[in-house]
Number of protein chains: 2
Amino acid sequence: MIDKHLLKLRARDVISAEEEAFIRGGVSGSAKVPRDTVVVRAFDPIHTSNILVSGIACRLKDLGNGRRQITELHVPGDFTDVHGFSLKYLDHDILALTDCQFALVPHAHLQEMTERHAHLTRVYWFGTNLDAAIHREWALSLGRRDATARMAHLFCELYVRLELVGLVRQGAYDLPLTQVELSDCLGITPVHTNRTLQQLRSEGVVEFRSGQVIVHDLAALEAVAGFDPRYLYLQRMQR
Amino acid sequence: MIDKHLLKLRARDVISAEEEAFIRGGVSGSAKVPRDTVVVRAFDPIHTSNILVSGIACRLKDLGNGRRQITELHVPGDFTDVHGFSLKYLDHDILALTDCQFALVPHAHLQEMTERHAHLTRVYWFGTNLDAAIHREWALSLGRRDATARMAHLFCELYVRLELVGLVRQGAYDLPLTQVELSDCLGITPVHTNRTLQQLRSEGVVEFRSGQVIVHDLAALEAVAGFDPRYLYLQRMQR
DNA sequence: CGAGGGGTTGATGGTTGTCAAGGGCTGTGG
DNA sequence: CCACAGCCCTTGACAACCATCAACCCCTCG
């Protein structure tokens, strides 16, 4: 069930058989939730964290006045809320953007990990730091890239992250979001999202249609985005 | 030297005398750097992390074409780059925005901490998760708040964070940044920063002048910002 | 005294937001 | 089987926020 999660971990560090067993042993159950479900509500106390097994989820901050910002998209293999273990509550919702399956990990298990598995603790600490690096790149996009570059950059990021877990085929990947949800990632209005998508499509760079991203020209997409993947920390650590 | 750092830690968790000794024992030296110094350069390998003792520093992402985005401001007591311990290099610069003093902590010491001090490891893990929460709030600002609210929100955040380490007096605190640097926090141009500052000043809410932030009406400032401090996780944990 | 950094102001333009309407598709129930 | 609701996408007209460009002021410092 959490094979993709291990794939993601092993892309960046060495996980021993014993550590793998410990991780697998920590999964206390699983949950299937339909599209548009709030999996974890902001500010609620929590005692379990969720590994995304399948589907697309996100971290969503809601201003209440109708304005909302997605601060990260989650792909299969992601630990959507390990940070909940140390924070005790989240400052944002975890929302399933499509039908999703999650593997559940009690915080007690993470507590035990910190007591007895120093290396694994560092691996998951790294994981939350990677999330923070993604947040920073999004802040850069939101602050200093125009709508076109911002959108291209998001498509580049997802390309890399999904390829890591084997979900890119022939330069295309599934992303069954609405244009409204995409807007909430990019900090623009749905109308402008629509027009930006049309522009990228007409230039033959990338297409977003019927829940799929089809990259026609990856080099061009990266150029439009100004994409530099180093913020995703893709090299494996030497232990 | 790192009293403010301990103040910050103890605001959110219980630190034993033994743990305090371990932290203090980890400081291998200190560094004084003048304004505008890059303390840690993006993508350089690193083996030491820095606790900010005095001054204001930031995390800065540079697009190269003149566009740059500050993703977090650091105040005295902050561990500006603990995340460098697990990431091995940073995806952004650490820049001293004023004359700064830092306490240096070798990564070997943090490594030892993860092996022998599980609770302290959780404390510092929490710390990086708090940074990520701040990143998310900034992403929300950059994506969904207008310039006025964004600026007000930043002043609110700094008010809380500086108060925690005893650096707010009579509703005012030092913030010796230029308007250009403030612009790089807010994702707007210096010209617009200037006009937004004038607006907030003329409304009697807050004043930013000669390196000081003077809050005239905190309630109004928080209202303009839509400020909710819960993302700063101010309650102390019960161990 | 001149250079340079920082701040201020005015005029103008562009990216993006807002408002409003309509089209296509899907699912459902009469 | 058709009517209709609802969601999603698309388009056009217009407005607003913010960027750009350019100039000027003030202060400090060599």
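Labels below follow one simple rule: chain letters A, B, ... track the order of the sequence lines, proteins then strands, and each chain is numbered from 1.
To the nearest angstrom, P of dT16(C) lies 15 Å from NE2 of H192(B). The interatomic distance linking R209(B) (CZ) with dC26(D) (P) rounds to 16 Å, in whole Å. Distance CD (Q199(A)) to C1' (dT15(C)): 11 Å, rounded to an integer number of Å. The separation between I188(A) atom CD1 and dC18(D) atom C1' is 16 Å, rounded to whole Å. Distance, D36(B) CG to dG5(C) P: 11 Å, rounded to whole Å. Taking atom CG on L197(A) and atom C1' on dT11(D), their separation rounds to 15 Å, with Å as the unit. Atom P of nucleotide dT18(C) and atom CG of N65(A) are separated by 10 Å, given to the nearest angstrom. The CG-P distance, from L177(B) to dG6(C), rounds to 11 Å in whole Å.
Using a 4.0 Å heavy-atom distance criterion, G187(A) is classed as a sugar-phosphate-only contact. Base engagement by T189(A) is indicated by at least one non-hydrogen atom pair under 4.0 Å involving a base atom. Note on R35(A): only backbone sugar-phosphate atoms sit closer than 4.0 angstrom, heavy atoms only; bases stay farther off.
In summary, R136(A) and D91(B) engage in a salt bridge, as defined by a charged side-chain N under 4.0 Å from a carboxylate O. Between K61(B) and E137(A) there is a salt bridge, since at least one side-chain N of the basic residue sits less than 4.0 Å from a carboxylate O of the acidic one.
Relative to the side chain of R195(A), the nucleotides dT9(C), dG12(D), dT16(C) differ in distance, and dG12(D) lies closest. Considering only the side chain of V191(B), dT9(C) comes nearest among dT18(C), dT9(C), dC18(D).
When N50(B), T48(B), T128(B) are each tested for a side chain to side chain donor-acceptor pair (under 3.5 Å) with D81(B), only one passes: N50(B).
Not one N or O on the side chain of R144(B) forms a donor-acceptor pair closer than 3.5 Å with the backbone of R67(A). Proximity of a side-chain donor or acceptor of T193(A) to a complementary backbone N or O of T189(A) within less than 3.5 Å is detected. In this structure, Y233(B) contributes its side chain and Y89(A) its backbone to a donor-acceptor pair below 3.5 Å. Under a 3.5 Å cut-off, the side chain of R150(A) and the backbone N or O of L186(A) do form a donor-acceptor pair.
Look at Q179(B) and you won't find any side-chain N or O under 4.0 angstrom from OP1 or OP2 of dG5(C). In this model, the phosphate group of dG7(C) is not approached by any side-chain N or O of Q198(B) to a distance below 4.0 Å at OP1 or OP2. A close approach under 4.0 Å does not occur between any side-chain nitrogen or oxygen of N194(A) and OP1 or OP2 of dC9(D).
Where T178(B) and T196(A) meet DNA chain C, the nucleotide closest to each residue was compared, and T178(B) sits on the side nearer the 5' end.
Contacts between residues 136-151 of chain A and DNA chain C, defined by a heavy-atom separation below 4.0 Å, involve D146(A), A147(A), listed by number.
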